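Throughout, protein chains are lettered first and strands after them, A, B, ... in sequence-line order, and every chain is numbered starting at 1. Computed from a predicted model, the values in this text were never measured in an experiment.
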Number of protein chains: 2
Amino acid sequence: MSTEEACSTFLVRHAWLSLRGVVAEALVEHDLSVAQFASLLLLRESPGMSVADVARKVSTARQSANEMLGGLERAGLVERRQHPTDRRSQQIFLTPTGSARLEAALPTVQAVEDRLSAGFTESDLAVVSAWLHRMAGASAGINEEISTL
Amino acid sequence: MSTEEACSTFLVRHAWLSLRGVVAEALVEHDLSVAQFASLLLLRESPGMSVADVARKVSTARQSANEMLGGLERAGLVERRQHPTDRRSQQIFLTPTGSARLEAALPTVQAVEDRLSAGFTESDLAVVSAWLHRMAGASAGINEEISTL
DNA sequence: GCAAGAACGTCAGGTACCTGTCAACTGTCG
DNA sequence: CGACAGTTGACAGGTACCTGACGTTCTTGC
């Protein structure tokens with residue numbers, strides 16, 4: 001409609017802000033921030049990641065990830081162990097408490113997302129996912145484009 | 001694929017971060033930040049908006065908008081005038097310089113977006129837009145849901 | 001006409017995030 | 001083996017953004 005919405009970039013931004021708000025609201029009762037929830041989700045799938053691994057996965061700075069993991073550690077949801085061979089890095093694991101917290105929060109978040117996507121068909125959602133993946137890979141594509149110049 | 005990407009929220013976040021980076025890179029040659037570009041775009045469509053109007057439109061705090069507009073004003077791209085009747089608010093207008101800057105930057109940004117969306121059909125993009133609009137309206141839908149509780 | 005409420009721009013303070021940097025450590029290549 | 005580039009976690013410093021509050025001005029209901 002409007003000129004600003006013609007730029008899909010800002011539409012994506014509004015969608016992100018809105019989703020973030022909704023998810024954050026759904027997570028307050030579980031005492032988790034959105035970033036923390038994402039990290040727990042990540043650690044469930046790939047236990048033993050390093051701080052740097054987490055930072056790369058969630059697209060944030062190493063330091064930000066470190067601080068956020070510090071919060072999770074202080075809350076007893078996560079624990080850091082020394083890497084068995086690599087003495088500079090540390091492995092991060094979910095504690096039973098953290099795992100339970102995640103399992104409790106996950107359905108809440110997914111319920112919110114499912115409710116929001118209600119009315120869209122499977123193929124619609126597949127198209128959306130493909131487009132979002134394309135956009136998410138855009139910054140990686142920059143390097144490729146630079147090399148072609 | 002991965003568990004984290006199963007949550008569309010984080011996929012949207014990555015898309016936004018990536019798009020933001022690409023657009024920011026396209027805007028450096030025009031000496032504009034992404035937020036400034038969005039504001040110029042907004043002001044071209046609706047001249048005479050107040051600071052609070054801009055803040056609402058770009059989903060940011062009044063103060064943030066004020067600071068950013070201050071930058072645009074210092075750069076001579078925008079000018080503030082006293083509102084003719086409402087003495088507490090001020091109207092913001094594009095200067096000729098600002099208008100020219102926007103016209104120069106706009107094709108660059110749209111070229112980037114078009115290139116990224118290449119390969120998607122019109123109907124695909126319509127679905128994506130509809131989904132994003134739905135998500136963007138999610139936070140507005142919260143109130144509605146609260147009222148149903 | 002006037003009191004109550006809301007909205008405007010602005011100031012102060014805090015939070016979250018990033019960049020830049022460092023020492024320690026790993027892997028690689030001559 | 002030993003120099004060297006790359007990586008990891010941590011430290012300081014800076015930036016951008018937000019919340020909360022204020023004085024002023026508009027608007028609404030009585």
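- Rounded to 10 degrees, the angle separating the terminal helix axes of the helix from C:dG1-D:dC30 to C:dG30-D:dC1, each built from five base pairs, is 30°.
- In this structure, the side chain to side chain contact (heavy atoms under 4.5 Å, CB included) partners of B:Thr121, at least two apart in sequence or on a different chain, are B:Ser123, B:Asp124.
- Taking OG from B:Ser129 and CD from B:Glu122, the interatomic distance works out to 11.0 Å, rounded to the nearest 0.5 Å.
- Looking at residues two or more places apart in sequence or on another chain, you find no side chain to side chain contact (heavy atoms under 4.5 Å, CB included) involving B:Arg87.
- Under the side-chain hydrogen bond (donor to acceptor under 3.5 Å, both in side chains) criterion, B:Thr60 pairs with no residue at all, not counting sequence neighbours.
- Residues forming a side-chain hydrogen bond (donor to acceptor under 3.5 Å, both in side chains) with A:Thr108 (at least two apart in sequence, or on another chain): none.
- Taking CZ of A:Arg62 as the start and OG of A:Ser50 as the end, the distance is 9.5 Å to the nearest 0.5 Å.
- Within the structure, the salt bridge (Lys or Arg N to Asp or Glu O under 4.0 Å) test picks out the following pairs touching residues 72-84 of chain A (sequence neighbours left out): A:Glu73-A:Arg80, A:Glu79-A:Arg81.
- For the atom pair CG (B:Leu132) and OG (A:Ser18), the distance works out to 11.0 Å, reported to the nearest 0.5 Å.
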(Q) Base contacts versus sugar-phosphate-only contacts with protein, heavy atoms under 4.0 Å: please encode nucleotides 1-7 of chain C as B, S and - from 5' to 3'. (A) -----BB
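- Residues passing the side chain to side chain contact (heavy atoms under 4.5 Å, CB included) test with A:Asp86 are A:His83, A:Arg88, A:Ser89, sequence neighbours excluded.
- Between the CG atom of B:Leu19 and the CH2 atom of A:Trp16 there is a distance of 14.0 Å, given to the nearest 0.5 Å.
- Bounding nucleotides for the chain A contact on DNA chain D, 5' to 3', at a heavy-atom distance below 4.0 Å, are D:dG6 to D:dA12.
- Of the side-chain N and O atoms in B:Arg80, one or more sit less than 4.0 angstrom from OP1 or OP2 of C:dT10.
- Between A:Met135 and B:Ala15, the shortest heavy-atom contact is CB-CB, 3.9 Å.
- Contacts of A:Met49 classified as side chain to side chain contact (heavy atoms under 4.5 Å, CB included), with partners at least two apart in sequence or in another chain: A:Leu42, A:Leu43, A:Ser46, A:Asp53, A:Val54, A:Lys57.
- The distance from atom CG of B:Leu17 to atom C1' of C:dC18 is 13 Å, rounded to the nearest whole Å.
- Within residues 63-79 of chain B, the residues that place at least one heavy atom under 4.0 Å from DNA chain D are, in residue-number order, B:Gln63, B:Ser64.
- As rounded to whole Å, 16 Å separates atom C1' of C:dG9 from atom CE of B:Met49.
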For residues 92-105 of chain B, which side-chain N or O atoms pair as donor and acceptor with protein atoms under 3.5 Å away, sequence neighbours left out?
unit_1   : atom_1 : unit_2  : atom_2 : d
B:Thr95  : OG1    : B:Gly76 : O      : 2.7
B:Thr95  : OG1    : B:Leu77 : O      : 3.2
B:Thr95  : OG1    : B:Thr97 : N      : 3.4
B:Thr95  : OG1    : B:Gly98 : N      : 3.0
B:Arg101 : NH1    : B:His30 : O      : 2.9
B:Glu103 : OE2    : B:Arg44 : NH1    : 3.0

